[in-house]
Amino acid sequence: MSDSRILTVRPEPGEYAWTFGGAPPVARIAPGTVLDLYTEDCFAGRVRSEKDLVSEVCEFPFLNPQTGPFHIEGAERGDTVAVHFVSIEPARDWAASTTVPLFGALTSTHTTATLQPPLPETVWIWQLDRTRRTALFRARDSDIEIELPMDPMHGTVGVAPANLEVRSALVPDAHGGNMDTPEMRAGVTCYLGVNVEGALLSLGDGHARQGEGETCGVAVECAMNTVVIVELLKGLATPWPRIESDTHIISTGSARPLEDAFRISQLDLVQWLVRDYGFSELDAYQFATQAVESPLANVCDTNYTCVAKIRKEWLPARETHRGVHDRLRETAVALLG
């Protein structure tokens, strides 16, 4: 759209945020602004070869740098920020993944303490073919090579938490954050409930692709060039992050244990059906039980994240979130030309 406000942000190394809440905004934007952003990978670009071990080139807790935060004019507690992902494109021809001692779903951790030694640090460098849209896996211990399709996404999208909290960019919760769901790809709209004046929106942690659950704790991590449109829905509360695609409505829940993350996402989906689609609570519970898809997002972060999604074609023809997804989708098509 010719009248869209476009803000381009390419942070310098010292200009990233490492938390949600507690960081001053890098810019104030009006609803309807298009953000053209560069985001660095979760290692801040420091893992570049198989010899670059995270423990040696990164300094904890300075992981998961975020581009932002952005103060959204007029955003107040009880509103909802809508973030439509126009495009998510890897900024480099390579990406990195690794095992991290005491981190991941199939190893001992600091909270699941056991006697055996931690897994070793091992780095894999994935070659990205941005023309063919592939990511090349090369085994470390054999001559196996396998090409997988790229499916770029953002692991981390969020706003400042409620109750004066400051949360590490490694943590997912009701404010969003490090949810690590492959559903956060180009073409979707993410809905985030506003907790503080201006919302303070940030995003980062680009993945060229990631399997559901992010089992070892690290995806195919890469820097991204990402374009989003930011809108504001006044007076509409969103208790947990929601995602709308052209085909599904998607609720998220983040907690430990995993069962509680599952329950949060399922309950939020039931409440969404009640609020916007005309179901009673028990009817929504029954319908969701038989129709829901429940992929895992991550089972490795400080909180785990589960997803609950239902196909739109199975739902009554009703408008959700004031129809903003369809409007932003049309704007995105115009932007892409």
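Model, not experiment: these values are computed from the prediction.
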Check whether the side chains of Q266 and S294 place a donor and an acceptor atom closer than 3.5 Å, and report yes or no.
yes
Common cluster, V307/V157, ILVMFWY with side-chain heavy-atom separation under 4.5 Å
yes
Determine the sole option in L128, N225, D41 for which the side-chain contact (heavy atoms from CB on, under 4.5 Å) test with R92 is passed.
D41
If you define the side chain from C-beta out and look only at heavy atoms, does anything of L192 sit under 4.5 Å from T238?
no
Taken to the nearest 0.5 Å, the spacing of W240 CH2 from S254 OG works out to 5.5 Å
Looking only at the side chains, is there a donor atom on one of N178 and T156 sitting less than 3.5 Å from an acceptor on the other?
yes
If we count only N and O atoms by modelled type, under 3.5 Å, do the side chains of T320 and W272 hold a donor and an acceptor together?
yes
What's the spacing between I229 CD1 and T331 OG1 if we round to 0.5 Å?
5.0 Å
CA sep, side-chain torsions, deciding dist, call: S265, T252, side-chain contact (heavy atoms from CB on, under 4.5 Å):
CA-CA 5 Å; S265 64; T252 71; 5.5 Å; no
Report the distance from atom OG1 of T189 to atom CD1 of I243, rounding to the nearest 0.5 Å.
10.0 Å
Please check this pair: side chain of T99 against backbone of P120, looking for a donor-acceptor N/O pair closer than 3.5 Å.
yes
Sidechain N-carboxylate O distance under 4.0 Å for E197, R77:
no
Between CG on residue L170 and CG on residue D205, distance to nearest 0.5 Å:
8.5 Å
Side-chain contact, heavy-atom cut-off 4.5 Å: E231 with V81?
no
Using modelled atom types only, decide if a donor and an acceptor are shared between the side chain of S251 and the backbone of R242 within a distance under 3.5 Å.
no
Check: T289 side chain, Y285 main-chain N or O, donor-acceptor pair, under 3.5 Å:
yes
Contact between C300 and C216 at the side-chain level, heavy atoms closer than 4.5 Å - yes or no?
no
Show, in sequence, the C-alpha distance, side-chain angles and deciding distance for N298 and T305, and conclude whether the side chain to side chain donor-acceptor pair (under 3.5 Å) test is met.
CA-CA 5 Å; N298 90 80; T305 302; 3.1 Å; yes
Anything under 30° is parallel, anything over 60° is perpendicular, the rest tilted; go ahead and classify W126 against F137.
tilted
Determine whether the side chains of S55 and E121 contain a donor N or O and an acceptor N or O closer than 3.5 Å.
yes
Quick check for you: to the nearest 0.5 Å, what is the distance between R275 atom CZ and L236 atom CG?
4.5 Å
Given 3.5 Å as the limit, does a donor-acceptor pair link the side chain of D276 with the main chain of L273, or not?
no
Would the distance check show the side chain of E145 and the main-chain N or O of R138 forming a donor-acceptor pair, the cut-off being under 3.5 Å?
no
Can any side-chain N or O of E221 pair as donor or acceptor with the backbone N or O of A219 at less than 3.5 Å?
yes
Is a side-chain donor or acceptor of R5 paired with a backbone partner of P31 at a separation under 3.5 angstrom?
yes
Tell me, yes or no, whether the heavy-atom count around F262 atom CZ, taken from other residues, nucleotides or ligands under 6.0 Å, exceeds 12.
no
What's the verdict on ring-ring contact (aromatic ring centres under 6.0 Å, His included) for H325 and H84, showing C-alpha distance, side-chain angles and the deciding distance?
CA-CA 7 Å; H325 172 75; H84 183 79; 5.6 Å; yes
Does the distance from a Lys or Arg side-chain N to an Asp or Glu carboxylate O, for R329 and D246, drop under 4.0 Å?
yes
E281 atom CD, neighbour heavy-atom count above 12 within 6.0 Å:
no
Would you check if there is a donor-acceptor pair between the side chains of E183 and T181 at a distance under 3.5 Å?
no
Do D79 and K234 meet the salt-bridge criterion of a basic N to acidic O distance under 4.0 Å?
yes
Would you call E244-K312 a salt bridge at under 4.0 Å N-O?
yes
Atom NE2 in H175, atom CG in L200: separation rounded to 0.5 Å?
11.5 Å
Side-chain contact, heavy-atom cut-off 4.5 Å: P152 with H207?
no
Closer than 3.5 angstrom, by distance alone: can the side chain of S97 be matched with the main-chain N or O of V218 as a donor-acceptor pair?
yes
May I ask you to say whether R133 pairs ionically with E89, meaning some side-chain N is under 4.0 Å from a carboxylate O?
yes
Please work out which of the three classes, parallel, tilted or perpendicular, describes the rings of Y191 and H321, given edges at 30° and 60°.
parallel
Between T134 (side chain only) and L148 (backbone N and O only), is there a donor and an acceptor less than 3.5 Å apart?
no
Any idea which heavy atoms bring C190 and F85 closest together, and the distance?
CB-CE1, 4.3 Å
